[in-house]
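A short write-up of the structure that comes next.
Start at 1 with the first residue, then count along the sequence. Worth knowing before you read on, the calculation uses all heavy atoms, side chains too, and leaves out hydrogens, waters and symmetry mates.
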Amino acid sequence: MSTGNIKELIGLHPNSLQLIEYISAISSSASLTETVIPEVKSYSDAVYLNYYAIGLSLMFAPKDNYKPKSGLKLSEIDNERLTLDSIYLYNIPKKTREDGKTSTRSAELAFSAYPVSPFPLQITATVKDKDNKILARPPAMDVTKDSSGKDFVLALGEPDRKGGGAGPSSGSIGIWCEWTKDGLMVEFGGDEAKGPQAWERGKDAVWKIITVFSA
């Protein structure tokens, strides 16, 4: 598989050929010569495969009464009873503030930036507005490392849900938007995404994490 329509991966098993080929293609884009081995985070209701070197995390949901134990190794998970539920793409530059503290949560800083730019996000063609009219939207949005809140709203329209940005600039949650019918959630980073005026500045905030899920 190419690095094209990411949504096609939803529902696949961890060991599916299509998913393996996708990881390989992303690794090639990052000019990595060795196979990327994910870190496994297992819980009774979810298994995460974290590919830190390529800015990617995959969350698998168990099925058929499978309840994964915590602390599983990659070779110990039951691949056939896991299906891909959510995909997380990271775009987190490793910047520091003037006080020397990291500018984002330490767990997020473990991820390199997703290496493919631009990459397409498929847009649902049949979404309707409040008057039940189908919205005129492009079939896909080409996302770059610099895509901002304004770019996402221009392509997708106003989000179905949004939050964050309240409180002081330091320690507050950055703004986020969710387009539920498209199966997309976007979290934004930088100073523009935090603090009391975050929503006024949010159009210029660059994406930090994109979550792709089943719509």
Side-chain angles (χ1 to χ4, degrees), residues 1-30 32 34-92 104-117 119-124 140-141 143 159-161 163 173 176-187 189 207-215:
M1 173 181 174
S2 68
T3 58
N5 187 2
I6 299 171
K7 288 187 178 181
E8 292 180 356
L9 302 173
I10 298 293
L12 295 179
H13 301 301
N15 61 350
S16 73
L17 179 59
Q18 190 176 358
L19 189 54
I20 292 170
E21 290 177 344
Y22 167 75
I23 298 298
S24 177
I26 299 300
S27 300
S28 296
S29 297
L32 300 177
E34 298 182 359
T35 302
V36 180
I37 305 299
E39 178 192 73
V40 180
K41 295 287 188 181
S42 58
Y43 309 90
S44 61
D45 59 348
V47 174
Y48 291 84
L49 299 186
N50 295 323
Y51 296 85
Y52 294 114
I54 54 175
L56 177 72
S57 178
L58 305 177
M59 193 276 274
F60 294 86
K63 63 176 186 176
D64 300 332
N65 297 317
Y66 178 39
K67 293 188 180 299
K69 297 178 181 179
S70 61
L72 290 178
K73 297 178 181 178
L74 187 61
S75 60
E76 295 173 331
I77 63 176
D78 190 338
N79 289 291
E80 297 305 314
R81 292 203 287 169
L82 291 172
T83 55
L84 184 55
D85 182 86
S86 302
I87 302 167
Y88 302 87
L89 309 177
Y90 288 81
N91 184 34
I92 302 177
T104 56
R105 295 190 294 268
S106 58
E108 294 171 356
L109 285 174
F111 287 90
S112 297
Y114 186 72
V116 182
S117 180
F119 63 90
L121 280 180
Q122 301 303 311
I123 297 175
T124 303
M141 173 186 175
V143 180
D160 300 300
R161 298 173 62 236
I173 299 174
W176 57 268
C177 298
E178 181 179 288
W179 290 267
T180 310
K181 301 179 186 68
D182 294 286
L184 293 173
M185 177 179 174
V186 183
E187 300 172 57
W207 71 278
K208 182 173 68 172
I209 304 173
I210 293 175
T211 305
V212 179
F213 56 91
S214 180

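Between Met185 and Phe213, the closest heavy-atom pair is N-CE2, 3.9 Å. Closest heavy-atom contact between Asn91 and Ala113: OD1-CB, 4.2 Å. Across all their heavy atoms, Ala46 and Pro62 have their closest contact at N-CD, 3.9 Å. Taking both residues in full, the closest heavy atoms of Val212 and Ile10 are given as O-CD1, 3.9 Å, listed atom of the first, atom of the second, then distance. Here the closest non-hydrogen pair linking Ser112 and Ala53 is CB-O, 3.6 Å.
Going from atom CZ of Phe60 over to atom CG of Asn79 covers 8.0 Å, rounded to the nearest 0.5 Å. In this structure, the separation between CD on Glu39 and OH on Tyr52 is 3.5 Å, given to the nearest 0.5 Å. To the nearest 0.5 angstrom, Leu19 atom CG is 8.0 Å from Ile87 atom CD1. In this structure, OH in Tyr88 is found 15.0 Å from OH in Tyr51, a value given to the nearest 0.5 Å. Here the CD atom belonging to Glu21 is positioned 10.5 Å from the CG atom belonging to Leu9, to the nearest 0.5 angstrom. If you take CZ on Phe111 and CG on Asn50, they are separated by 4.0 Å, rounding to the nearest 0.5 Å.
Between Leu89 and Val143 the shortest side-chain heavy-atom distance does not fall below 4.5 Å. The side-chain heavy atoms of Leu74 and Pro38, taken from C-beta on, include a pair separated by under 4.5 Å. Using a 4.5 Å heavy-atom threshold, the side chains of Asn15 and Glu80 count as touching.
Panel note: side chain Ser42, backbone Lys69; a donor-acceptor pair is recorded below 3.5 Å. The backbone N or O of Asp182 sits less than 3.5 Å from a side-chain atom of Lys7, completing a donor-acceptor pair. In terms of modelled atom types and a separation under 3.5 Å, the side chain of Arg161 and the main chain of Glu178 share no donor-acceptor contact. When atom types are taken as modelled, the side chain of Ser24 and the backbone of Ile20 share no donor-acceptor pair closer than 3.5 angstrom. Under a 3.5 Å cut-off, the side chain of Lys181 and the backbone N or O of Thr124 do not form any donor-acceptor pair. Under the 3.5 Å distance criterion, the side-chain polar atoms of His13 are left unmatched by any main-chain donor or acceptor of Thr83. When atom types are taken as modelled, the side chain of Tyr66 and the backbone of Asp78 share a donor-acceptor pair closer than 3.5 angstrom.
Ring pair Tyr114/Tyr90: centre-to-centre distance not below 6.0 Å.
Ring-plane geometry between Trp207 and Phe119 is classed as perpendicular, the angle between the planes exceeding 60 degrees on a 0 to 90 degree scale with a lower cut at 30.
Listed by chain and number, the residues in a salt bridge (Lys or Arg N to Asp or Glu O under 4.0 Å) with Asp85 amount to none (sequence neighbours excluded).
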Pair Tyr22-Leu12, side-chain contact (heavy atoms from CB on, under 4.5 Å): steps then yes or no: CA-CA 12 Å; Tyr22 167 75; Leu12 295 179; over 6 Å; no
